[in-house]
Amino acid sequence: MNPFGLNAYILISALLFAIGFFGVLLRKNTLVIYMCLELMLIASTVALVAFSRFNGTLDGGVFVFFILTIAAAEVAVGLAIIVALFRKRQTIAVDELNTLKH
Amino acid sequence: MPNLLFYLFAFLSVGGALLVVLNKNAVNAAMFLLVSLLGVAGLFVLLDAALLAFVLLLVYAGAVVALFLFIIMLLDTSPGAQKPFTAAAIGAATIGGVLLLLGVRSLCKQGAMPLAPAGGMGPSLKNYAEQLFTTYLLPVQIVGFMLLIAMLGVIVLSKKFEVTEKAP
């Protein structure tokens with residue numbers, strides 16, 4: 001059923017996490033940064049499910065439920081913040097939201 | 001056959017994730033996030049966790065990506081606002097990628113972990129429910145409370161800014 005073993009899944013998880021991480025660092029659109037944060041959360045769930053399957057326990061799967069809940073709540077709050085920010089500043093580009101920088 | 005499916009789902013998830021980062025248009029990025037999620041759900045099915053794959057698609061594809069698309073179209077940001085990546089960013093990405101590959105390679109040198117036999121504590125709905133309501137009862141309560149706080153926070157956030165807009 002799993003010809004590649006655990007390492008292949010861990011590699012995919014690491015790749016997804018790295019792609020999400022560099023997306024957060026490189027992109028300037030706040031919404032895309034949020035999508036990349038979601039990618040990082042999904043990468044961690046892949047690793048959890050793979051470890052859970054290869055250990056024969058359910059704990060990793062249960063934690064995936066928690067991660068999904070946290071991710072949903074995070075997206076709701078984050079998008080509310082983005083909408084409020086857009087109403088106030090008329091932009092969501094992180095380049096122009098640098099009031100705290102100076 | 002599982003061999004081929006693994007390659008397909010891995011390609012979908014990683015390729016979709018890459019296109020999320022590299023795409024200029026936010027709507028396209030959300031669509032490629034959906035593709036990536038489909039790949040990850042397929043990987044979950046290969047790992048005998050069909051229930052988790054279903055929940056992932058339900059929560060992410062059904063709620064999160066729809067919410068993203070809704071906000072993107074509500075805010076109507078101009079596409080193509082992304083500036084080209086700077087040389088420093090590309091250098092940092094290269095160094096990070098090489099470090100990641102080295103780390104994964106050292107992990108692979110440890111030897112493969114044997115697959116636990118299926119059955120026993122199989123990932124069925126009943127087993128998950130038993131775990132959630134016995135061992136993980138306190139985290140479930142805390143997560144429920146956190147959802148309530150998040151809901152209140154969203155309401156306050158969208159209310160407060162309306163008031164400050166009216167004030168001046």
Side-chain angles (χ1 to χ4, degrees), chain A residues 1-12 14-16 18-23 25-29 31-32 34-36 38-39 42 45-46 49-50 52-58 61-62 64-66 68-73 75-77 79-84 86-88 92-93, chain B residues 2-3 6 10 13-14 17-18 20-21 26 29-30 33 36 40 43-44 46-49 52 55-56 59 63-64 67-68 71-72 75 77 81-83 85 89 93 96-97 100 104 107-108 112-113 115-117 120-121 123 127-128 131-132 136 139 143 146-147 150 153-154 157-158 161 165:
Chain A
M1 190 63 197
N2 287 293
F4 294 97
L6 181 62
N7 290 338
Y9 291 98
I10 302 303
L11 175 65
I12 288 176
L15 276 177
L16 279 178
I19 291 169
F21 182 66
F22 287 115
L25 288 185
L26 294 176
R27 291 304 301 260
K28 303 295 181 208
N29 189 337
L31 283 164
V32 181
Y34 256 85
M35 287 180 211
C36 295
E38 296 304 311
L39 272 181
I42 294 166
T45 64
V46 173
V49 172
S52 173
R53 174 70 189 89
F54 279 82
N55 277 317
T57 58
L58 274 182
V62 172
V64 171
F65 277 108
F66 293 134
L68 287 178
T69 320
I70 301 285
V75 164
V77 175
L79 290 180
I81 290 175
I82 288 176
V83 170
F86 187 78
R87 274 198 214 145
K88 215 167 166 54
I92 53 166
Chain B
N3 209 324
F6 178 82
S13 56
V14 176
L18 267 178
V20 169
V21 176
L33 182 65
S36 183
V40 170
L43 287 179
F44 280 9
L46 283 185
L47 286 167
D48 298 335
L52 286 179
V55 172
L56 184 89
V59 172
V64 170
L67 203 60
F68 267 122
I71 298 295
I72 289 168
L75 297 188
T77 56
Q82 169 78 16
K83 290 172 193 162
F85 300 143
L100 173 80
V104 172
L107 181 80
C108 290
M113 191 171 170
L115 185 65
M121 293 278 277
N127 285 341
Y128 274 125
Q131 287 281 308
L132 278 174
Y136 293 99
V143 159
M146 195 215 62
L147 277 178
V154 170
L157 262 180
S158 34
F161 281 84
E165 269 178 6

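Below, read A as the first sequence line, B as the second, and so on, with proteins coming before strands; counting in each chain starts at 1.
- With rounding to the nearest 0.5 angstrom, the CZ atom of A:R87 is 7.0 Å from the OG atom of B:S158.
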Open item on the list: Assess the residue pair B:S36 and A:L39 against the criterion (side-chain contact (heavy atoms from CB on, under 4.5 Å)); give the C-alpha distance rounded to whole Å, side-chain angles, the decisive distance to 0.1 Å, and a yes or no.
Closed with: CA-CA 9 Å; B:S36 183; A:L39 272 181; 3.8 Å; yes
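- Contacts between B:A63 and chain A at a heavy-atom distance below 4.5 Å are absent for every atom of the residue.
- Closest approach of B:V143 to A:F66, counting heavy atoms only: CG2-CD2, 3.6 Å.
- The shortest non-hydrogen separation linking B:A26 to A:N29 is CB-ND2, 4.0 Å.
- Listed by chain and residue number, nothing satisfies the side-chain hydrogen bond (donor to acceptor under 3.5 Å, both in side chains) test with A:Y34 (two or more places apart in sequence, or in another chain).
- For A:V46, the parts lying near chain B are the backbone and the side chain together; criterion is any non-hydrogen pair under 4.5 Å.
- Listed here is the closest heavy atom pair of B:L47 and A:R53: O-CD, 3.1 Å.
- With a 4.5 Å cut-off on non-hydrogen atoms, A:V64 touches chain B through its side chain but not through its backbone.
- A distance of 12.5 Å separates CZ in A:F65 from OH in B:Y136, rounded to the nearest 0.5 Å.
- Rounding to the nearest 0.5 Å places CD1 of B:I72 at 3.5 Å from CE of A:M35.
- The CG atom of B:L157 sits 11.5 Å away from atom CD1 of A:I82, with the distance rounded to the nearest 0.5 Å.
- In this structure, the portions of A:I19 lying under 4.5 Å from any heavy atom of chain B include both its backbone and its side chain.
- Of all the heavy atoms in B:V59 and A:L68, the pair that sits closest is CG1-O, 4.3 Å.
- The CG atom of B:L75 sits 8.5 Å away from atom CG of A:L79, with the distance rounded to the nearest 0.5 Å.
- For a residue to count as touching a neighbouring chain, one of its non-hydrogen atoms must lie under 4.5 Å from one of that chain's; by this rule A:A50 touches chain B with backbone and side chain alike.
- Heavy-atom distances place no part of A:L25 under 4.5 Å from chain B, backbone and side chain included.
- Note that CG of B:L18 is 12.0 Å distant from CZ of A:F22, once rounded to the nearest 0.5 Å.
- Heavy atoms only, all atoms of each residue included: B:M146 and A:I70 are closest at SD-CD1, 3.4 Å.
- Looking at B:V40, only its side chain comes within 4.5 Å of chain A, counting heavy atoms on both sides.
- Interface residue B:S13: backbone and side-chain heavy atoms are both found under 4.5 Å from chain A.
- Of the atoms belonging to A:T45, heavy atoms from both backbone and side chain fall under 4.5 Å from chain B.
- Smallest separation of non-hydrogen atoms from B:L67 and A:A76: CD2-CA, 4.4 Å.
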